[in-house]
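Order of the sequence lines fixes the chain letters, A, B, ..., with proteins taken first and strands second; residue numbering starts at 1 for each chain. Since this is a predicted model, take the numbers as computed values, not measurements.
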2 protein chains.
Amino acid sequence: MERLDDIFFYTLEKSIKTYRQFAQRAILKQGFELTIDQWLVLKAIMDNPEWNQQEIAEAAFKDFASVTRIIELLVKKEFLNRVIHPADRRRFLLTPTPKAVQHLKSMQPVTERNRKTALRDLNQDEIARVQQFLTIIIKNCNNI
Amino acid sequence: MERLDDIFFYTLEKSIKTYRQFAQRAILKQGFELTIDQWLVLKAIMDNPEWNQQEIAEAAFKDFASVTRIIELLVKKEFLNRVIHPADRRRFLLTPTPKAVQHLKSMQPVTERNRKTALRDLNQDEIARVQQFLTIIIKNCNNI
DNA sequence: GTTTTTTAATTGATATATCAATTATATTTG
DNA sequence: CAAATATAATTGATATATCAATTAAAAAAC
């Protein structure tokens, strides 16, 4: 009988979930009020201010509905300003608030420490190789 | 400025999410009525009939509340029978129905094909190495 | 220039994740 | 054994995931 522990994708899922729990707890413990998903969407918007929500969704590998709801929360929490796009009234212009910029910046050390802790004992080359490997899985699952 | 694509954990999350979407769609398209999470919980129960819900939760890396709700759905869908445990009235005795056994068995080819497709072009040694690598991450995140 | 089609975003319904609080039962302790 | 503590599971609240349906505006087609 096949054992869960032997299934590659089981380990894959377990690793990202374990990391997420670990990282989210560290973030909350430091007093920051963003979830990892909110951080990800906010970061995608800051890096690409001209993108629409669909492009943001793709970058954050979320679906449109989730992005809509996450943005709503970010607006409510005053991390984002949302106004109708001057060139296309179906869209919104999303602008991170100064609070958001400052929040992200001061989260940076925590984020970096989380990653470092999770990757302890693993060297850069190996990390890069695994990342390459994961990219192939992503391609394989998309080209169907 | 750090780019999302360069962040290892971003790629990690993207890979498992892409795989999940791909696999879940294939499962639904074949007419099976289980989500991947329900499959996982059901599989854990079948492999370890004596476990309580907390042990199941751990094996499926879910929290107790999620497991309670997933089991509820599995009972409603007639994949599980749930009776009070004779030795401890706080617990339940969970038994997969014949329907569940048959369902899992006939899902097996789809599951195997999904994994194979996602891992195309990747050899066994490499897969095993990456799995080892991921196990280290899991340890690192738990030993804090 | 009006109709048709596409596109951007939202909403509703259901499933899952997480934390905190609660309930019911078992176990321990004094 | 009665009180205190621990354990198993559920429930409530909020966040996220997914699919389908809907709305509003833009673009294309005629």
Roughly how many Å is it from [atom1] in [X] to [atom2] in [N], rounded to a whole number?
{"X": "I56(A)", "N": "dA9(C)", "atom1": "CD1", "atom2": "C1'", "result": "12 Å"}
{"X": "K62(B)", "N": "dT10(D)", "atom1": "NZ", "atom2": "C1'", "result": "18 Å"}
{"X": "F22(B)", "N": "dT18(D)", "atom1": "CZ", "atom2": "P", "result": "15 Å"}
{"X": "L73(A)", "N": "dA17(D)", "atom1": "CG", "atom2": "C1'", "result": "14 Å"}
{"X": "F92(A)", "N": "dA25(D)", "atom1": "CZ", "atom2": "P", "result": "10 Å"}
{"X": "Y19(B)", "N": "dA17(D)", "atom1": "OH", "atom2": "P", "result": "19 Å"}
{"X": "L93(B)", "N": "dA9(D)", "atom1": "CG", "atom2": "P", "result": "11 Å"}
{"X": "E55(B)", "N": "dA8(D)", "atom1": "CD", "atom2": "P", "result": "8 Å"}

For this session: Test salt bridge (charged side-chain N to carboxylate O under 4.0 Å, His left out) on E13(A) and R20(B) and set out the steps.
Result: CA-CA 9 Å; E13(A) 177 141 351; R20(B) 256 185 173 269; 2.7 Å; yes
With sugar-phosphate meaning primed atoms plus P, OP1 and OP2, does [X] contact a base, only sugar-phosphate, or nothing at under 4.0 Å between heavy atoms?
{"X": "D63(B)", "result": "base"}
{"X": "S66(A)", "result": "base"}
{"X": "E72(A)", "result": "sugar-phosphate"}
{"X": "Q54(B)", "result": "base"}
{"X": "Q21(B)", "result": "sugar-phosphate"}

Heavy-atom donor-acceptor pair, [X] side-chain to [N] base, under 3.5 Å:
{"X": "R89(B)", "N": "dT25(C)", "answer": "no"}
{"X": "R69(B)", "N": "dT18(C)", "answer": "yes"}
{"X": "R90(B)", "N": "dT7(D)", "answer": "yes"}
{"X": "R20(A)", "N": "dT16(D)", "answer": "no"}

With a 4.0 Å cutoff (strictly under), does any side-chain N or O of [X] reach OP1 or OP2 of [N]?
{"X": "K17(B)", "N": "dA17(D)", "result": "yes"}
{"X": "Q24(B)", "N": "dA17(D)", "result": "no"}
{"X": "T68(A)", "N": "dT10(C)", "result": "yes"}

For this session: With DNA chain D as reference, determine whether D37(A) or A65(A) sits nearer its 5' end, using the nearest nucleotide of each.
Result: D37(A)
Exercise. Taking for each residue the nucleotide of DNA chain D with the nearest heavy atom, is it R25(B) or V67(B) whose nucleotide lies nearer the 5' end?
Worked result: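 Result: V67(B).
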For this session: Please test E112(B) against Q108(B) for side-chain hydrogen bond (donor to acceptor under 3.5 Å, both in side chains), starting from the C-alpha separation and ending with a verdict.
Result: CA-CA 6 Å; E112(B) 272 163 24; Q108(B) 191 67 18; 2.9 Å; yes
For this session: Let me see the working for D47(B) and R3(A) under salt bridge (charged side-chain N to carboxylate O under 4.0 Å, His left out), right down to the final yes or no.
Result: CA-CA 8 Å; D47(B) 290 357; R3(A) 283 188 13 219; over 6 Å; no
Seminar exercise, completed: Ranking L28(A) and D88(A) by the position along DNA chain C of their nearest nucleotide, the one closer to 5' is D88(A)
Seminar exercise, completed: DNA chain C nearest-nucleotide lookup for I70(B) and N52(A): closer to the 5′ end is N52(A)
For this session: Using the side-chain contact (heavy atoms from CB on, under 4.5 Å) rule, pick out the option among V130(B), T11(B), I137(B) that qualifies with V130(A).
Result: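 Only one of V130(B), T11(B), I137(B) forms a side-chain contact (heavy atoms from CB on, under 4.5 Å) with V130(A), namely V130(B).
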Problem set entry | Any side-chain donor near an acceptor of the partner, N114(A) and T111(A), under 3.5 Å |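 No donor-acceptor contact under 3.5 Å links the two side chains.
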Exercise. What about the rings of F133(A) and F8(A), do their centers lie closer together than 6.0 Å?
Worked result: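 Yes.
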